[in-house]
Amino acid sequence: MQVTESALPAAAPEMRRPGGWGDAARSNIAGLLLANIVFIIAFALLASGFTSPINVYSLSRSIGIDGVIGLAMMTVIITGGLNLALGAIGVCGAMVVGWALQNAGLPIPAALLLGLFAGGALGAINGLIVVLTRLHSFVVTLATMSVFFGVMVLLSGAAGFNALPASLLAFGRLRLFHMVSPLLLVMAVVALLLFYLYRFTAVGREMLAAGANPVAAKLTGLPVERLFVYSHALCGAVGAVAGVMVSLRNGAIVPSMAGPLGADWLLPAFLAPVLGGTALTGGEVSVLGAVLGTVFVEVITSGLYMLQIGEFWIQTALGIALLAAILLERARAGAMLSRSLRG
Amino acid sequence: MSRLRNLLRADWLGLLLLVLGGSAALAVVRPEFLTPYNIDVILVSFCLTVVYALGQGVIIAIGHMNLALGAIGCLVAIAFGGAMEVWHLPIWLAAVFGLLLGTICGFINGWLTWRSGLTSFIITLATLSIFKGTALGITQAQPFYRIPDAVKAFGSVRWGPLPAMLLLALPIVIATGIFLARMIPGRQMLAYGGNPNAAELSGISRARVVLLAHTLSGVLAAVAGMMTVARLQNATPAIGDEWLIASFAAPVIGGAVLTGGHLSVVGTCLGVLVVALINQALVMLAVDPFYVQVLLGLLILGAVGLNRLREARLGTTAPVRLS
């Protein structure tokens, strides 16, 4: 343990910064915050109905859902990998909850726990394959998204669960202060837990260190393989939470709710963390950035929708936003590097 | 060297035996498997899939990936259909327009990847959504139905078991094979994929390799998109939606390594055939189509695992790139 503690600052650059707020993270978050404020004001002035309670409610709901999807992907991006099977796992987790509630007759908390566990187990399978075969997680999860989704459809006979307990559905339909969805609070809880994990717990710090430089982390005595499996399992569990949230919005659990093989989740899953400054090469994390990234995406989506741009063009706009964000981030990183070289 | 070549030959020999053995077994269980109609169905699926699988293959060869492959195919397909229906362009001009569009889309991917130095995964994820959104926005998700008869005929005519589309697919396969095996730019692509730093130090231009591979991928996606229009007899924006997994599965089953440097065109063809055969077998045996998904996923895992083992046995494993 002594080795671990003394070695960590070298492995995770973030550790060297007091409080963990680095230059990169701060300017990214400040930029996102500014962009969010500008867009919210602009849409509030331009798009009639943008600030109506109904729109704010649906905005808070989609921020909640896509936020959790983005946070789930973030937990595995920090290992330098990714999880294409996230959508498939999310749907599988929700289906397990549906089965537990409807067929097994379990009480709601037990059913939710079982779903969380199922998502975590599927994620752990991904992690184990990645670690044991040393293949890139891209190809592993490309294969498992197909396997997980296929097995789930075969087991369920492609039939969903539409007789969920009334109390669970009522929770999903709550309107706090007449305009805020409780799903937003679920996202806030998940975000806070992850923030706590990566900031204050040893295992969270070790996950970051393993992702930043696996070889160095290994040499300093960290169980890199086990940490990678943990990260993938965490991704699966958070994915299952997102699956249940989508089900609450729909009022039913259906296998097709995340698109073919769960692929519809991929864009929101990568948009939020990448916009928020989580590096795709691993080792860096910004929970607040991912949340702000989701807010940005949903505000643009909702605003363009209210301006009647047409739902299909919104997809184009989001692609451009992602492209602009990564290119800007790149340019800034380049500028910072040259500055530090000069200085 | 000859031992290595033998081994390499044995690699796709195994796949070939799998294809032949599987066909023979299927023919015994279901004699109607060998009817010209049935063989035509498999060959048509081969023609469409092999073109976009090679479109992904040339990208895998340099160690990149192209998630926007299906979106380019979709955009080109509706541009091709729209050019003929709305602009009343002659077929050849519409096809040239489609090819040009695919070239541009591929070039954009390559240019962005090259200039930014970012992973092609995130770049093509962004362009995927741009291309797909544009295709859906233009068409409002409605297909173009008025496709000229000549185009429709190309997608449906067959001589015995041989579909007319082989006339397009086979030359593309052969040309890609020659390009990668015998021509300097193709060799440079593989060299770059094998070790980008060594390739650059020996004078291969990174810009050229990356731009070339992505542009080529765009062109092949365009061809596959237009072939799909001919086959479906309409240009629907759903084209390309299910290309992603198969486009990775076929080259990988055929022995390609995702970190780049190796792509077997014959192996890719056999990989496409394996997938087509599985599809057909499950249809003929009246098995749930979702078994195809499960089998395909397991097949990818098995194939990459085998490739890994082979690398280890040959002792050619590059130092593991963890980052």
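Letters A, B, ... are given to chains in the order of the sequence lines, protein chains preceding strands, and every chain is numbered from 1. What you see below is based on every heavy atom in this structure, not just the backbone, and it leaves out hydrogens, waters and symmetry mates.
- For A/Y305, the OH atom counts as loosely surrounded, since its 6.0 Å shell holds 12 or fewer non-hydrogen atoms of other residues, nucleotides or ligands.
- Contacts of B/A141 with chain A are made by both backbone and side-chain atoms, with heavy-atom separations under 4.5 Å.
- Note: B/L125 leads B/L67, B/L125, B/L112, B/L295 in heavy-atom pairs under 4.5 Å with chain A.
- Surrounding CD of B/Q140 are more than 12 heavy atoms belonging to other residues, nucleotides or ligands, all under 6.0 Å away.
- Between B/L101 and B/A79, the shortest heavy-atom contact is CD2-CB, 3.5 Å.
- Interface check for chain A: of the options B/T134, B/L118, B/I300, the most heavy-atom pairs under 4.5 Å are formed by B/T134.
- Looking at every heavy atom in both residues, A/C235 comes nearest to A/A72 through SG-O, 3.3 Å.
- Contacts between A/I129 and chain B at a heavy-atom distance below 4.5 Å involve the side chain alone, from C-beta outward.
- At most 12 non-hydrogen atoms from other residues, nucleotides or ligands lie less than 6.0 angstrom from OH of B/Y291.
- Using a 4.5 Å cut-off between heavy atoms, A/L271 makes no contact with chain B at all.
- A donor-acceptor pair shorter than 3.5 Å cannot be found between the side chains of B/T124 and B/N109.
- Side-chain N or O atoms of A/T294 include one that pairs as donor or acceptor with a backbone N or O of A/A290 at under 3.5 Å.
- Proximity to chain A (any heavy atom under 4.5 Å) is restricted, for B/T119, to the side chain, taken from C-beta onward.
- Side-chain contact of A/T144 with A/N126: a donor-acceptor pair under 3.5 Å is present, judged by distance alone.
- Only the side chain of A/F138 has a heavy atom closer than 4.5 Å to any heavy atom of chain B.
- The only option from B/V76, B/L69, B/L75 that meets the side-chain contact (heavy atoms from CB on, under 4.5 Å) definition with B/I72 turns out to be B/V76.
- Ranking A/G211, A/G319, A/A263 against chain B, the residue ahead of the rest is A/G319, based on heavy-atom pairs under 4.5 Å.
- Counting heavy-atom pairs under 4.5 Å between each of A/G81, A/S146, A/G150 and chain B puts A/S146 at the top.
- Both the backbone and the side chain of B/I138 come within less than 4.5 Å of a heavy atom in chain A.
- Within the 4.5 angstrom heavy-atom criterion, only side-chain atoms of A/V153, from C-beta onward, approach chain B.
- Contact annotation for A/I309: neither backbone nor side-chain heavy atoms come within less than 4.5 Å of a heavy atom of chain B.
- Contact tally against chain B (heavy-atom pairs below 4.5 Å) for A/F270, A/W313, A/F148: the top residue is A/W313.
- Proximity to chain A (any heavy atom under 4.5 Å) is shown, for B/E242, by neither the backbone nor the side chain.
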